[in-house]
Amino acid sequence: MSTKHSKAASAFLEHEEDSRWHNQSIWYVREKRDKMAMELSEWEALRDLSSGIKRHTITHMDQYLEQFSKQAEANGVIVHWAKDAAEYNDIVYDILSGHQVKKVVKSKSMLTEECHLNTFLISKGIDVVETDLGERILQLMNIPPSHIVMPAIHLKRQQVGRLFEEKLHTEKGNSDPTYLTQAARMHLRNEFMTADAGMTGAN
């Protein structure tokens, strides 16, 4: 595992107030998860079932990918295969540049995150706009996500408010979550309307 995370965590934990707030945020999410889980009497059985499905799928990934490819192509989909991140990035760039794309809006995607696609496309002159709220916040701050599902969980709303003041010209000192979400929605609507292409991941 990279030492970058442990070093960043150590630096974060030096600020006791931020550390306490972060723990409360994480526990709040965990409490909501536990509440939902306990409303299902068959929770443990469902978890075991999904775990077994996941384990089976991962150990037979080659077969499922070929099956998906054949069925997708039968429906007119063009399937591309890439051996590594570099080849993947080149394929995506070739498709976008072939259609004269100058701006692409995209949803959250672990594959593009792991392949550093955004950085690659931007270096090629293509503007990339993250449309997931957490990912967009981090993109405007030019920092990586801190969590696979909740990428901006480490940020306080006041920090987001100050960021939006600078980048989106929102009201000074207004860090109300509803207001900030509405401001982001209006900002992203314009990005959607002026984009040349859209991109999403798949689970």
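For the pair Lys35 and Glu31, the salt-bridge criterion is not met [side-chain N within less than 4.0 Å of a carboxylate O]. Residues Glu130 and Lys108 are not paired through a salt bridge, judged by the lack of any N-O separation under 4.0 Å between the basic side chain and the carboxylate. Look at Glu165 and Arg162 and you find no salt bridge, because none of the NZ, NE, NH1 or NH2 atoms lies under 4.0 Å from a carboxylate O. We find that Asp132 and Arg136 are not joined by a salt bridge, their nearest charged nitrogen and carboxylate oxygen being 4.0 Å or further apart.
Residue Cys115 holds its SG atom at 11.0 Å from CD of Glu87, rounded to the nearest 0.5 Å. Note that the CZ atom of Phe192 and the CG atom of Leu188 stand 6.5 Å from one another [nearest 0.5 Å]. Atom NZ of Lys54 sits about 10.0 Å away from atom OG1 of Thr57, to the nearest 0.5 Å. To the nearest 0.5 Å, the span separating CE on Met36 from CH2 on Trp43 amounts to 10.0 Å.
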Candidate pair Phe164 and Asn174, rule side chain to side chain contact (heavy atoms under 4.5 Å, CB included), full reasoning: CA-CA 9 Å; Phe164 281 15; Asn174 193 338; over 6 Å; no

Side chain to side chain contact (heavy atoms under 4.5 Å, CB included) evaluation trace for Glu166 with Leu140: CA-CA 10 Å; Glu166 177 188 350; Leu140 291 172; over 6 Å; no

Candidate pair His154 and Ile143, rule side chain to side chain contact (heavy atoms under 4.5 Å, CB included), full reasoning: CA-CA 12 Å; His154 61 296; Ile143 59 175; 3.9 Å; yes

Candidate pair Ile122 and Asp127, rule side chain to side chain contact (heavy atoms under 4.5 Å, CB included), full reasoning: CA-CA 6 Å; Ile122 291 169; Asp127 186 17; 5.5 Å; no

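Looking only at distances, a side-chain donor or acceptor of Tyr179 sits under 3.5 Å from a matching main-chain atom of Glu171. Ser146 contributes no side-chain N or O that, together with a main-chain N or O of Ala152, makes up a donor-acceptor pair within less than 3.5 Å. The main-chain N or O of Ser175 is found under 3.5 Å from a side-chain atom of Arg157 such that the two form a donor-acceptor pair. Between the side chain of Gln159 and the backbone N or O of Lys156 there is at least one donor-acceptor pair closer than 3.5 Å. Between the Ser51 side chain and the Arg47 main chain, no donor and acceptor come within less than 3.5 Å of each other.
Under the 4.5 Å side-chain heavy-atom criterion for ILVMFWY residues, a single connected hydrophobic cluster contains both Tyr88 and Val128. Linking Ile, Leu, Val, Met, Phe, Trp and Tyr whenever their side-chain heavy atoms come within less than 4.5 Å leaves Ile58 and Met110 in two separate clusters. In the hydrophobic cluster analysis, where Ile, Leu, Val, Met, Phe, Trp and Tyr join through side-chain heavy atoms closer than 4.5 angstrom, Leu180 is grouped together with Leu138.
At most 12 heavy atoms of other shown residues, nucleotides or ligands fall within 6.0 angstrom of atom CZ in Arg189. The environment of Met150 atom CE is dense: over 12 non-hydrogen atoms of other residues, nucleotides or ligands sit within 6.0 angstrom. Few gaps surround CE on Met38; more than 12 heavy atoms of other groups in view lie less than 6.0 Å from it. Heavy-atom contacts from other residues, nucleotides or ligands closer than 6.0 Å to CD of Glu44 number more than 12. Annotation for Trp21: atom CH2 counts as buried by contact number, over 12 foreign heavy atoms lying within 6.0 Å. Summarising the local packing, CD of Glu42 is surrounded by more than 12 heavy atoms from other residues, nucleotides or ligands at distances under 6.0 Å.
Proximity of Glu113 to Glu135: side-chain heavy atoms (C-beta onward) are separated by under 4.5 Å at one or more points. Contact annotation: the side chain of Val129 never approaches that of Val104 to less than 4.5 Å [non-hydrogen atoms, C-beta and beyond]. The shortest side-chain heavy-atom distance between Met199 and Ser109 does not fall under the 4.5 Å cut-off. Between Phe120 and Lys124, the closest side-chain pair of non-hydrogen atoms falls below 4.5 Å. At a threshold of 4.5 Å between non-hydrogen side-chain atoms, the residues Leu155 and Leu163 do not count as touching. Looking at heavy atoms from C-beta onward, Trp81 lies out of side-chain contact with Ile91 at the 4.5 angstrom threshold.
Nearest heavy-atom pair, Ile153 versus Ser25, reported as atom, atom and distance to 0.1 Å: CD1-CB, 4.3 Å.
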Would you tabulate the side-chain donor-acceptor contacts of residues 61-79 under 3.5 Å, counting partners in other chains and residues two or more places apart, or write 'none'?
from  : atom 1 : to    : atom 2 : distance (Å)
Tyr64 : OH     : His56 : NE2    : 2.7
Asn75 : ND2    : Gln71 : O      : 2.8

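Screening Leu133, Asp176, Val160 against Thr181 for a side chain to side chain contact (heavy atoms under 4.5 Å, CB included) leaves a single residue, Leu133.
Looking at residues two or more places apart in sequence or on another chain, you find a side chain to side chain contact (heavy atoms under 4.5 Å, CB included) between Asp196 and Val101, Lys102, Lys103.
For the 3.5 Å distance criterion, the side chains of Lys106 and Thr112 qualify, holding a donor opposite an acceptor.
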